[in-house]
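Encoded as structure tokens, the structure appears first; notes follow it.
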Number of protein chains: 2
Amino acid sequence: MTALHHHSHSHGHTPEQITRRLRRAGLRPTRQRVALAGLLFKRGDRHISAEILQEEAQAMRVPVSLATIYNTLHQFTEAGLLREVAVDGARTYFDTNVSDHHHFFVEGDNELIDIPDAVGLTEVPTPPEGMEITAVEVVVRVRRTDA
Amino acid sequence: MTALHHHSHSHGHTPEQITRRLRRAGLRPTRQRVALAGLLFKRGDRHISAEILQEEAQAMRVPVSLATIYNTLHQFTEAGLLREVAVDGARTYFDTNVSDHHHFFVEGDNELIDIPDAVGLTEVPTPPEGMEITAVEVVVRVRRTDA
DNA sequence: ATTTGTGCAAATCGTTTGCATCTGA
DNA sequence: TCAGATGCAAACGATTTGCACAAAT
């Protein structure tokens, strides 16, 4: 078992469980937040953008405004339920896997894929004077081999 | 000598030298491109954004439109004179150091700093089926220690 | 003369914001 | 009740684009 499967169903995803989880995180379990949390955490590890999440919400007949989508994604991130991954200049991705891991970024598809092995650095660099490390991000850019 | 000092003045920066360098790269040495190349490569390794480059150009009394700045930055990147670094969701940075190296990203300042040591991965991850690695990027996020 | 580059202004895209209205505890 | 959340539409900042004009070969 790798770091990737850290939270495989340690919470569940019934409305009640989600509600409890939000409350634990200090967030009011509103209609929208419960619905979005349901979408985000129902499946396993996901890399989702605001736009995709809104599409999924609409498909589930839970219309949520984009503003609320963004609010929610950021609140969830602050609460430690999501991890923000900035790798593409354009879009921002939110990773439902908050454990320590890194990513492949598929150029062209603009898709993120978890790196299934624990990759580390040969040597953690010493930060400049007066600075402390907050995170180490490794992104391995890949592209489809033109078959 | 580390990978950081790879091109320390292997080219020089007189207008003539810049002109030759651009031609070698297959780029017409226009007024604007020569001026921008001069600004970019005069000093050592830099991490520059389109906006900053334009400010510097104006300070040097070489007005260049933002559109041309962007065109030029991308052309230089394709020509291998610059390296694009996407680490911040917002701005895009262009690194005049095209050698293999990684970065600190100073949160708050939104500033990039070269990592002065050659940092590698303990293990280069195997890319998914049908994909090949195009680049490996390591970003160490840091923040000022609140003194 | 022909090709290529430049500047301007408008357009685009993802994201944020202001604010009136609604909701959950 | 009333702090906090939501939706809408307008605002935003970085980047791109369309197109007439200018410059390089």
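Quick caveat: nothing in here was measured; it's all calculated off a predicted structure. Residue numbers begin at 1 in each chain, while the letters A, B, ... track the order of the sequences.
With salt bridges taken as basic N to acidic carboxylate O contacts below 4.0 Å, none links R144(A) and E129(B).
Residue T68(B) places no side-chain N or O under 4.0 Å from the OP1 or OP2 atom of dG5(C).
The interatomic distance linking Y70(B) (OH) with dG13(D) (P) rounds to 13 Å, in whole Å. If you measure from atom CD of E84(A) to atom P of dT15(C), you get 9 Å, rounded to the nearest angstrom. Rounded to an integer number of Å, the gap from CG of L73(A) to C1' of dT16(C) is 14 Å. Spacing between atom CG of L66(A) and atom P of dA11(D) amounts to 18 Å, rounded to whole angstrom units. We find that CD of Q75(B) is positioned 7 Å from P of dT6(C), with the value rounded to whole Å. Atom CZ of R23(A) is separated from atom P of dG4(D) by 15 Å (rounded to the nearest Å). Atoms CD (Q54(A)) and C1' (dC8(D)) sit 12 Å apart, rounded to a whole Å. Atom pair Q32(A):CD and dG4(D):P shows a separation of 17 Å (rounding to whole Å applied).
For R28(B) and dT3(C), a side-chain-to-base donor-acceptor distance below 3.5 Å is present, hydrogens and geometry of angles not being considered.
Of all nucleotides listed (dT6(D), dA9(D), dG7(C)), dT6(D) comes nearest to the side chain of T30(A). Each of dT16(D), dC8(D), dT16(C) was ranked by its minimum atom distance to the side chain of H74(A); first place goes to dT16(C).
Between N71(B) and I69(A), the one whose closest nucleotide on DNA chain D sits nearer the 5' end is I69(A). Each of R31(A) and V64(B) has a nearest nucleotide on DNA chain C; the 5'-most of these lies closest to V64(B).
Counting non-hydrogen atoms under 4.0 angstrom, T92(B) reaches the backbone sugars and phosphates but no base.
No close placement of the H103(B) and Y93(B) rings is indicated, their centers lying 6.0 Å or farther apart.
A donor-acceptor pair shorter than 3.5 Å cannot be found between the side chains of T19(B) and E16(B).
Judged purely by atom type and a 3.5 angstrom limit, D117(B) has no side-chain atom pairing as donor or acceptor with the backbone of V119(B). Between the side chain of R33(A) and the backbone N or O of T72(A), no donor-acceptor pair lies under 3.5 Å.
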